[in-house]
Structure formats: C-alpha cells, structure tokens
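Right, one structure below, let's go through it.
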Protein chains: 2
Amino acid sequence: MPKTTFQNLSPEKRERITAAAIAEFSSVPYGKATLDRIVDAAGVSKGSMYQYFAGKADLYRWLLTEHLPARKMAAIGALAPAPGANVWAVLEQAFLAGVRFAAAEPSLTRLGLRFRRDHEIEPELAAIRRGHRAASDAWLQALLNEGKERGELRGDLDVSMASGFLAHALGEGMLDQLARRVGLDLDGFFERPDATASLADEDILDLVRGVTRLFREGAGAR
Amino acid sequence: MPKTTFQNLSPEKRERITAAAIAEFSSVPYGKATLDRIVDAAGVSKGSMYQYFAGKADLYRWLLTEHLPARKMAAIGALAPAPGANVWAVLEQAFLAGVRFAAAEPSLTRLGLRFRRDHEIEPELAAIRRGHRAASDAWLQALLNEGKERGELRGDLDVSMASGFLAHALGEGMLDQLARRVGLDLDGFFERPDATASLADEDILDLVRGVTRLFREGAGAR
DNA sequence: TGGGCATGTGACTGATGAGTCATACTGTAT
DNA sequence: ATACAGTATGACTCATCAGTCACATGCCCA
C-alpha cells in the first residue's frame, strides 16, 4: 500500500501519478506494464516512485483494492444486499450499473477487466482476485436464494450453478455484447478506449432487459 | 510455421519438443514462457530450436493453429454442423465433448484456455483468436437459427445475443463449474493439472444437463 | 546563517530472455 | 579420402526493466 509520502503529495501530483498508472495498467497486461513508462507519463522520477510505493506490485494492488473500488462506489454506490426487492429488478439494476460504469469510466473498466483475465502469477494478486470473485459470488447466491424463497425462481434451481453463470454473464458476457453492439470485438475494446461512449442509454437498457429475460425465461419455446 | 527441418526430425524427438512446449505454454502465460526452459526440458540446444521454428511466436502459433486442433479433432471429432438433430441434444453433445476433452487432455485444455484469456499484444496472435471466436460463434448462431426455424426455440429469441452468452457458458462458465465441483477455483485448475480426472462421468453428464436446462427453461418460476 | 530531516533525482546495477553466429559434427556422394 | 550440405551447439550480443544509491534540493527550526 502507498507510503505516507504519497498521501502527503499535493492532490494534483497524486492525481497525475494515479492517472498515469491507470493508463499504463489498463492498456497493457500487468507483465508488460513498466514503471519507467508510468514515471515518464506522470513527470516524476523513478526514485520518487519508490518513495511512494514499495514497487510495481504495490502500486497495482493499491489501484485494484483501494482506488478502483472507491471510484466505483462513488460512481454507482454500493450494491445493496437486495433490500427485499424483486430479484429481476435487482438484477437489472446491477447489470445496468455495470454497463453504465463501463461507459462512464472506460479506463477503470479496462483496468478491472485486465485484472479479471490476465493470468499472471504473482500469487498475492491471485489471492485478491479470489477475494473479488468470492464476494460477488456470495452476493449473487444470497440474491438467488432470497428469490427462490419468495417463489420468484424455480424451486429446484441449482443456485450455485446459476450464480456461476450469472457471474460470467454480468462480467464478461455483458461487455462482450456491449462491444459487439458498438461494432468491435473485445480485443478492439481494449484498443479503442471510448467506443462505448457512443452507446445510447436506451440501447443499454434494451440490452440489459434482453439478458435478464434470457436468464429468466430461457431460450426454449414455450 | 515449423520449418522442414522440424518435419524431418525423428517422431520421438519431435514429440519431446512438442511436449515441452505444451508444458511451458500451458503453465505460464505467453509473456512469461521462455524458450530457454522449453529447450532445456526437451533436451535440445537453443540454436536447434531456431532451425525448427522462426521463434517463440512461431512455435506458439503452430501449437494453437495446427497441433491443438489436430489433437482435439482426433479426440472428439469435428463438431458436425447440426445434422438436423434437436438443438438441445446437439448442445448437450457439444458441452459434453468439451468437458470430456478437458478431463482427458488437461494440458492441451489449459493451453487453449490460456490462449483465450491472456490478453497478450502480439497482433497476429490476437487475429488468430478472433478467428477462433468467429468460427465458434458462426457455428452457434447457425445452430440456434435452425432451432428457431424448427420451433424448438422462442420465436423472438435474439440469436446474436444468445449465442454470445452460450459461447461464454460453453467456454469459461463450464470449466468454472467443473473446477468448483472438484473443489478448487480456476486459478487452482491451472495449478493442479489433473484435478479434473477425478470427476466421474455421470457427474459430468449431470452438470451438462443442468446447464442445458438452465439455458432452455431459464431460472424464473413457472 | 547553519544544521538536519524529508523528499527528489536519474545514472547505474543486475537479472532475464530473445535471437545470432562461429564452430563442430554427421552423413552421403564422388 | 575429400568435399559438401544439412544439422547441432551454446556462448554471446543486445535490449529491457525492476529496483538501488549516492548525491541534490528543498524546507523548517534555532
């Protein structure tokens, strides 16, 4: 985690460093990201960087466990643990929040996506990822279980399986669809940072409803 | 692609090299894989390797576009373009084939998974991945469209969206589930190569049926 | 003014890994 | 035997990066 030196920096400088780090880590995989480039873009010397962070991994970890969650929270609020509302409404909200965040903060979204996907070794980073997964899985399972009790879901639904697939749908699948609608594949998404910006809000809603319906009613004929 | 020198090698030596390359590329991401280790494990000198392949990328590409498909084909046959059978049966077959292959050839499966996920730059490798995606997408869309015509699927199903999610379900989600059943997460899957071997065939069938049903009937109550 | 602590700096070190090259070996044809 | 092509070899070159360190440059207090 950042040293106190970093906290003492002027907000302006801190922001420059943060932005440079996000730009770097969001545009190349962790293994290819270099401190030299970050330092360069931020207009800070390398030695200084080591006054602020213990190293590359430390900076990355801070971004993922502190900075990104904070900004996400600020942008879309916490995912409340289903305050009793209808499962489908909650799901739609969640999807919607995710897609809107992706449209509003493409760099941060790319950063998070990279983290989800990059199969880097650094065991401690893998542990963080496991934590993220476990958290979102727990949230989903709780939601589905509630829905089952309220009779909104099939009584014999395998919640553990369904939550697994929903997680993928929420994470990867959704963005894939988004990207496709904008006319490029996910690889392209990484290359053209702001393509999502061109998606109108009603299109997003449309997509979200389609996905929710698929999960609710299935694809089979009546 | 491999030079003729490689074809001229004794099958035994060729196999040693191939195995070493698969072991390396399946256990670390492309960027971290080293020729030195491969060469070492295969008991071949580095110079020789450059007689066989143009370089690291060439070797990797050969594995993915020639070797892996050939072995997959040998193991499970081509995915016939739905010879007119029921959509659900075809889907189940496809899922099943995928899971069985994963159980039978864990290294090759890991190799393929890594390729799907690693967000490496090498533009030409990205192009190959795009090709793979396009092919499986085309297959799925054809299948779904047929099913729709035969009235097995909802008439108003958005085939493009559904195929996108199915692709994820077939690829990532399925393996995730598999891994979970065996009691480890996907990161673990990469670390414990043969954990899948402990899955009984009936459990696999069970899982496959569950997934198919979820996609068919949805999760909503009647 | 001077002493001392915090902060900044970038040339340097050391490690790693892709790709090269001069040299050596093997076999086959003359 | 000699010549020549094809193949094998591993020490070496060159680039890249994470992390260090000896030396500035401020900045506060006496």
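The chains referred to below are lettered A, B, ... by the order of the sequence lines, with proteins before strands, and numbering in each begins at 1. What you see below is based on every heavy atom in this structure, not just the backbone, and it leaves out hydrogens, waters and symmetry mates. Just so we're clear, the structure is a prediction, and the values are computed from it rather than from any experiment.
- On the nucleic acid side, DNA chain C contacts chain B at distances under 4.0 Å to non-hydrogen atoms, with the end points of that region at C:dG17 to C:dT20.
- Between B:P2 and B:Q7 there is a side-chain heavy-atom pair separated by less than 4.5 Å.
- Here B:A54 lies out of heavy-atom contact (under 4.0 Å) with every strand.
- Against DNA chain D, the stretch residues 41-49 of chain A makes heavy-atom approaches under 4.0 Å through A:K46.
- With a 4.5 Å cut-off on side-chain heavy atoms, A:Y30 and A:K56 count as touching.
- The nearest whole Å value for the distance from the CD1 atom in A:I38 to the C1' atom in D:dG19 is 14 Å.
- Counting to the nearest Å, the P atom of D:dT20 and the CG atom of A:D36 are 14 Å from each other.
- Side chain of A:D40 to main chain of A:D36: no donor-acceptor pair is present (N/O by atom type, distance under 3.5 Å, no hydrogens or angles).
- Nearest heavy-atom pair across A:V39 and A:S45 is CG1-C, 3.9 Å.
- Between the C1' atom of D:dT16 and the NZ atom of B:K56 lies a distance of 13 Å, rounded to the nearest Å.
- Using a 4.0 Å heavy-atom criterion, one finds that A:K3 contacts no nucleic acid atom at all.
- Legend: salt bridge (charged side-chain N to carboxylate O under 4.0 Å, His left out) pairs involving residues 60-70 of chain A, not counting sequence neighbours, sorted by first then second residue: A:D58-A:R61, A:R61-A:E124.
- In this pair, A:F115 and A:H132 present their aromatic rings perpendicular. The plane angle is above 60°, beyond the 30 to 60° band.
- Using bins of under 30°, 30° to 60° and over 60° for the plane-to-plane angle, the ring pair A:W62/A:F53 lands in the tilted bin.
- Computed from coordinates, the A:Y50 OH to D:dT20 P distance equals 7 Å when rounded to whole Å.
- Using cut-offs of 30° and 60° for the angle between ring planes, the A:Y52 and A:F6 rings count as tilted.
- The backbone N or O of B:T34 lies less than 3.5 Å from a partner atom in the side chain of B:E24, making a donor-acceptor pair.
- For the OP1/OP2 pair of D:dT7 and a distance below 4.0 Å, the side-chain nitrogens and oxygens of B:N8 include at least one atom meeting the criterion.
- A:Y60 places its OH atom 20 Å from the C1' atom of D:dG19, with the value rounded to the nearest Å.
- The distance between atom CD1 of B:I17 and atom P of D:dA8, rounded to the nearest whole Å, is 8 Å.
- Using a 4.0 Å heavy-atom cutoff across all strands shown, A:F53 reaches no nucleic acid atom at all.
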